Amino acid sequence: MAGEIQNIEFGGSPRPTIGIEWEIALVDKVTRDLSNTAAAVFDAVGEPKAWDGTPQVSKELLRNTVELVTGVHETVGGAVEDLSGTMDKVRRVADPLGVDLFCAGTHPFAQWSTQQLTRSAHYDELIERTQWWGRQMMIWGVHVHVGVSHREKVFPILNALLTTYPHLLALSASSPMWAGSDTGYASNRTLMFQQLPTAGLPFQFENWRQFESFVHDEIKTGVFEHLGGLHWDIRPAPKWGTIEVRICDGVPSRAELAALAALIHCLVVDLDARVERGEDLIVLPPWHVQENKWRAARYGLDAIVITDADSNERLVTDDLMDLLNRLEPTAARLGCADELAAVAEIPKRGASYQRQRRVAAQAQGDLVAVVDALVKELAQ
């Protein structure tokens with residue numbers, strides 16, 4: 001029957017596996033501006049694949065970006081080691097091109113108008129539809145996939161994950177500057193990205209059938225043609241049998257990446273176990289979720305977040321410490337206790353947005369120094 005809602009098959013993962021996608025920018029060794037040399041990097045690096053056949057390097061919207069992709073892993077340590085090997089391959093071919101590697105949510109001073117686009121049917125359609133906002137997407141992030149066994153668990157877990165949205169964003173916030181100006185935000189990337197029509201916060205569906213109905217409506221009305229066009233901050237990835245967490249800004253170092261990936265892995269696995277036990281998970285009204293997102297984007301680690309449906313509030317870092325303590329047993333089971341413990345070090349030394357502002361202040365506003373510092377962090 002025409003218009004019938006089709007089932008969306010969810011691959012399902014029998015184990016809580018993890019995979020990571022890390023968007024890396026290319027910057028000129030001399031000027032420190034973005035470098036539109038991704039095509040040359042791809043030509044030189046070839047098509048490396050993970051043990052399971054996953055391409056380790058992929059193209060993105062802008063030709064100043066390469067995305068590093070892991071295979072499917074059992075542990076955070078294995079996934080980060082995978083990324084490190086791929087980054088070493090990319091670095092070896094980028095160096096003779098006069099290019100360094102860099103990661104943050106935004107570049108401190110690059111201008112969007114000088115960036116070249118990767119040509120593909122998908123990207124061409126995106127730009128044709130979104131116009132000025134689409135061309136502004138000079139942003140980088142990290143996506144973490146965690147395996148979930150059954151599709152009916154997806155939205156209970158996803159909805160509960162939204163309670164920790166501000167924690168993940170505040171910890172990873174690394175985009176305080178845009179086109180040479182300090183925006184006053186910890187994560188300008190977050191607010192830029194949500195301007196795309198299918199980006200931003202997910203709807204809090206009660207079950208998978210509601211999601212299928214939504215997808216049917218979106219495809220029928222031409223909002224997107226396939227699920228890859230759905231750019232939510234947290235989304236199901238049915239093909240892989242995962243929940244994909246896309247909240248984090250670009251993360252500037254391997255150590256911080258490992259810490260944040262461990263936090264996400266533990267959060268999903270902990271919530272999964274609670275669903276298995278038949279517990280009622282804590283969720284927030286959509287208006288509180290939206291406000292928490294904005295507060296974390298604006299204030300970062302100084303955000304006062306809403307913690308429950310009764311509108312109680314708490315400093316995000318205080319709430320984070322309790323969360324880390326609760327997740328310690330899960331981290332031990334997943335083999336990422338050290339990585340999870342490292343999350344607590346981020347507020348102590350300052351999140352990336354704070355470190356970038358310190359460097360800029362010490363350099364009397366010279367944003368080239370900020371890029372230098374970020375390049376150095378990624379190389380460690």
Side-chain angles (χ1 to χ4, degrees), residues 1-21 49-56 58-60 67 69-74 79 82 120-123 125-126 141-162 196-247 261 264-265 267-279 281 283 334:
M1 181 186 299
E4 182 178 352
I5 297 173
Q6 299 296 313
N7 290 334
I8 298 174
E9 296 299 327
F10 184 78
S13 176
R15 300 178 312 284
T17 52
I18 184 168
I20 305 173
E21 302 165 9
K49 295 184 183 296
W51 65 270
D52 59 358
T54 305
Q56 291 179 307
S58 68
K59 297 178 181 178
E60 281 295 315
E67 184 179 54
V69 183
T70 72
V72 179
H73 287 272
E74 302 287 336
D82 186 342
S120 75
H122 173 66
Y123 290 142
E125 180 186 359
L126 176 67
V142 168
H143 307 156
V144 178
H145 289 258
V146 179
V148 175
S149 63
H150 194 277
R151 68 185 195 178
E152 291 304 331
K153 292 181 176 180
V154 170
F155 280 97
I157 294 172
L158 187 155
N159 296 341
L161 272 175
L162 290 169
L196 295 183
T198 64
L201 291 169
F203 295 111
Q204 296 184 44
F205 296 123
E206 293 180 8
N207 53 52
W208 192 258
R209 190 61 176 164
Q210 287 184 357
F211 175 62
E212 290 175 329
S213 180
F214 159 79
V215 172
H216 168 270
D217 291 349
E218 299 295 277
I219 291 175
K220 183 177 180 180
T221 56
V223 178
F224 52 75
E225 294 183 353
H226 51 78
L227 276 176
L230 182 62
H231 299 295
W232 285 343
D233 298 335
I234 311 175
R235 68 181 182 183
K239 179 180 178 181
W240 309 114
T242 65
I243 289 176
E244 182 183 2
V245 179
R246 300 154 51 88
I247 295 168
I264 292 169
H265 200 192
L267 281 168
V268 175
V269 172
D270 174 68
L271 292 169
D272 190 316
R274 289 168 178 251
V275 171
E276 285 278 357
R277 293 194 296 267
E279 293 184 24
L281 303 182
V283 295
L334 293 172

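Worth saying up front: this structure is predicted, and the values here are computed from it rather than measured.
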[X] versus [Y], closest heavy-atom pair with distance:
X: Arg235; Y: Gly228; result: NH1-O, 3.9 Å
X: Ile157; Y: Leu271; result: O-CD1, 3.8 Å
X: Ser149; Y: Asp272; result: N-OD2, 4.5 Å
X: Val275; Y: Pro156; result: CG2-CB, 4.1 Å
X: Phe205; Y: Gln210; result: CA-OE1, 3.5 Å
X: Ile20; Y: Ala79; result: CD1-CB, 3.8 Å

For the atom pair CD (Glu244) and CG (Leu158), what is the distance rounded to the nearest 0.5 Å?
11.0 Å

Can you measure from CD (Glu212) to CG (Asp217) and round to the nearest 0.5 angstrom?
12.0 Å

Glu225, CD: over 12 other non-hydrogen atoms inside 6.0 angstrom:
no

Is the number of heavy atoms from other residues, nucleotides or ligands within 6.0 Å of CH2 (Trp240) greater than 12?
no

Taking [X] for its side chain and [Y] for its backbone only, find out whether a donor-acceptor pair lies under 3.5 Å.
X: Asp82; Y: Gly71; value: yes
X: Ser13; Y: Gly241; value: no
X: Thr198; Y: Gly229; value: yes
X: Asn159; Y: Phe155; value: yes

Taking the side chain as everything from C-beta on, heavy atoms only, tell me whether [X] gets closer than 4.5 Å to [Y].
X: Phe211; Y: Pro202; value: no
X: Val144; Y: Val268; value: no
X: Ile243; Y: Val154; value: yes

Test Phe224 against Ile219 for side chain to side chain contact (heavy atoms under 4.5 Å, CB included), laying out the working first.
CA-CA 5 Å; Phe224 52 75; Ile219 291 175; 3.9 Å; yes

With side chain to side chain contact (heavy atoms under 4.5 Å, CB included) as the criterion, how do Ile234 and Ile247 come out once you've worked through the C-alpha distance, each side chain's angles and the decisive distance to 0.1 Å?
CA-CA 7 Å; Ile234 311 175; Ile247 295 168; 3.9 Å; yes

Could you pull out all residues at least two apart from Arg274 that satisfy salt bridge (charged side-chain N to carboxylate O under 4.0 Å, His left out)?
Asp270, Glu279

For Glu74, what residues pass the salt bridge (charged side-chain N to carboxylate O under 4.0 Å, His left out) criterion, not counting sequence neighbours?
Arg15

SB check Arg151 Glu9 (cutoff 4.0 Å)
no

Side chain to side chain contact (heavy atoms under 4.5 Å, CB included) between Val245 and Val146, intermediate numbers included
CA-CA 8 Å; Val245 179; Val146 179; 5.9 Å; no

For the residue pair Phe214 and Phe203, does the interplanar ring angle fall in the parallel (under 30°), tilted (30 to 60°) or perpendicular (over 60°) class?
perpendicular

Name of the residue among His73, Arg246, Glu21, His265 meeting side chain to side chain donor-acceptor pair (under 3.5 Å) with His145
Glu21

